[in-house]
Amino acid sequence: MDTRKDEAVPFLSPEEDTTPSNKSKRTFTTRSCLVHLLVCCTYIAAVTLFAFSRTPYKVCLEKSTEAGNLDLYSREAIRYHLDIIDLDAGHFEFSPNPFVGDPRPELDEAWDELLQNIHIRVTPTEFSALKPQLNRSSLRLSDGDYIIRLGVYHELHCLKWIRKWIHRDHYWADLEGAALDERKWHIEHCLEHFRLRTIATASLSPATLHFGSQNGARTLEVNGRHMVKAVDWDKLQAWTSERKVDLAAIDWSTLLPE
């Protein structure tokens, strides 16, 4: 038997292969694939549009400016972890918390330590990554590095000054006239900064309401305990400490202009 002749003969004759039933089957299969493909594309497009519609513009803006530009030099500085913010009564006891209460040496030292790295240096390459966000320059050291201040330190500085304003009889007892007015304006500046910053970052952490009692009377209590994505402060402080610039110890005539 000649198998070559058998292989040369189609399994189905042309007449058999083009019968209406076979054509119908192929047409149905093609249409079915097209319909499934169209449904999949529509689903993907709908999910994508929904995702974009649920992404706040501010989040996109932050990713492309503040967070994005800082990524170039903050990978070794920033590490996140989950933390719980809970301002219960124990949080305000003096012994475990040196940042609250009346003026005292321990409190002043704790606040000074927070702000010890308020100004830092960044290389020209690192600063160039910030230019799209800043659209401006900054003073430079004699070696060409730029001097900047991270926003967190400005905010801590403002909090420190607001605290001093509350206890101004202790810290600024001798201030009067124009000097006192200038200090008051500085506090207004800090409060306005926090107003704008609070609105811009708009925490959506929910607080819960509960009934309590005080001196036999019913009271309304609010529990604001919540979890946050927190920066590892010790790691950030260690990083900024390596780049610290003490402007009080520098001859300003050696600083290079913008």
Side-chain angles (χ1 to χ4, degrees), residues 61-62 64-79 98-99 103 105-165 167-168 170-194 196-197 200 231-258:
L61 184 63
E62 285 185 347
S64 64
T65 56
E66 186 170 0
N69 287 329
L70 293 181
D71 272 350
L72 287 179
Y73 65 88
S74 66
R75 290 188 184 96
E76 35 183 283
I78 301 297
R79 180 172 59 202
F99 297 101
E106 181 192 12
L107 182 144
D108 293 335
E109 290 173 6
W111 278 95
D112 289 343
E113 184 177 356
L114 283 180
L115 288 161
Q116 61 181 327
N117 306 323
I118 189 169
H119 297 106
I120 64 172
R121 65 166 65 218
V122 293
T123 67
T125 300
E126 292 167 340
F127 188 80
S128 66
L130 299 172
K131 291 297 287 289
Q133 173 188 349
L134 297 173
N135 194 28
R136 61 183 184 273
S137 189
S138 187
L139 290 174
R140 290 176 293 151
L141 297 166
S142 57
D143 62 5
D145 280 357
Y146 288 84
I147 305 172
I148 65 170
R149 179 183 63 192
L150 298 183
V152 61
Y153 290 105
H154 172 234
E155 293 173 354
L156 287 172
H157 157 79
C158 274
L159 287 173
K160 180 180 178 180
W161 274 50
I162 291 173
R163 167 168 290 281
K164 286 189 171 184
W165 181 258
H167 301 283
R168 57 186 177 275
H170 174 82
Y171 292 105
W172 300 323
D174 297 331
L175 281 184
E176 58 183 15
L180 184 61
D181 290 340
E182 187 279 332
R183 199 58 49 89
K184 181 181 178 181
W185 175 89
H186 197 131
I187 300 303
E188 292 284 359
H189 153 84
C190 288
L191 292 173
E192 180 64 3
H193 170 85
F194 282 119
L196 294 172
R197 181 72 172 171
V231 169
D232 185 328
W233 179 250
D234 291 336
K235 185 175 179 62
L236 178 60
Q237 279 281 67
W239 183 79
T240 54
S241 179
E242 295 175 354
R243 295 165 173 257
K244 175 181 177 181
V245 175
D246 187 355
L247 290 181
I250 292 179
D251 181 356
W252 288 12
S253 66
T254 65
L255 297 178
L256 304 177
E258 304 176 16

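Aromatic ring pairs are classed by plane angle as parallel below 30°, tilted from 30° to 60° and perpendicular above 60°; the pair Trp161 and His157 is tilted. Between His154 and His193, the ring-plane angle classifies as perpendicular under the 30° and 60° cut-offs. In this pair, His167 and Tyr171 present their aromatic rings perpendicular. The plane angle is above 60°, beyond the 30 to 60° band.
The CZ atom of Arg140 sits 12.0 Å away from the OG1 atom of Thr254 when rounded to the nearest 0.5 Å. Going from atom CG of Leu236 over to atom CZ of Arg79 covers 11.5 Å, rounded to the nearest 0.5 Å. Rounding to the nearest 0.5 angstrom, the gap separating the OG1 atom in Thr125 from the CG atom in Asp145 is 9.5 Å. Distance CG/Leu150 to CH2/Trp239: 6.0 Å, rounded to 0.5 Å. A distance of 8.0 Å separates CZ in Arg243 from CD1 in Ile148, rounded to the nearest 0.5 Å. Atom NZ of Lys235 sits about 11.5 Å away from atom OG1 of Thr240, to the nearest 0.5 Å.
Using a 4.5 Å cut-off on side-chain heavy atoms (C-beta onward), Leu141 and Leu255 make contact. The shortest distance between side-chain heavy atoms of Trp233 and Val152 falls below 4.5 Å. Tyr153 places none of its side-chain heavy atoms less than 4.5 Å from the side chain of Ile120. Arg168 has its side chain out of reach of Arg183: every pair of non-hydrogen atoms, C-beta onward, lies at least 4.5 Å apart. A heavy-atom distance below 4.5 Å is found between the side chains of Ile147 and Leu247. In this structure, the side chains of Leu180 and Trp172 stay at 4.5 Å or more apart for every pair of heavy atoms. Considering only heavy atoms from C-beta on, Leu159 stays 4.5 Å or farther from Leu114 through its side chain.
Contact record, Asn117 with Lys244: OD1-CD, 3.5 Å, taken as the closest heavy-atom pair. Cys190 approaches Ile162 most closely through the heavy-atom pair CB-CD1, 4.1 Å. For the residue pair Phe194 and Cys158, the shortest heavy atom distance occurs at CE1-CB, 3.6 Å. Trp111 and Leu156 get closest at one heavy-atom pair: CZ3-O, 3.8 Å. Residues His170 and Pro103 share a closest heavy-atom pair of CD2-CB, 3.4 Å. For the pair Leu139 and Pro257, the tightest heavy-atom approach, listed with the atom from each and the gap, is CD2-CA, 4.0 Å.
Using a 4.0 Å cut-off between charged nitrogen and carboxylate oxygen, Asp143 and Arg121 count as a salt-bridge pair.
More than 12 heavy-atom neighbours from other residues, nucleotides or ligands sit within 6.0 angstrom of CD on Gln237. The number of heavy atoms from other shown groups lying within 6.0 Å of CD (Glu182) is above 12. Crowding of Asp112 atom CG: a count of heavy atoms from other residues, nucleotides or ligands under 6.0 Å exceeding 12.
Arg163 places a side-chain N or O within donor-acceptor distance of the main-chain N or O of Phe99, the cut-off being under 3.5 Å.
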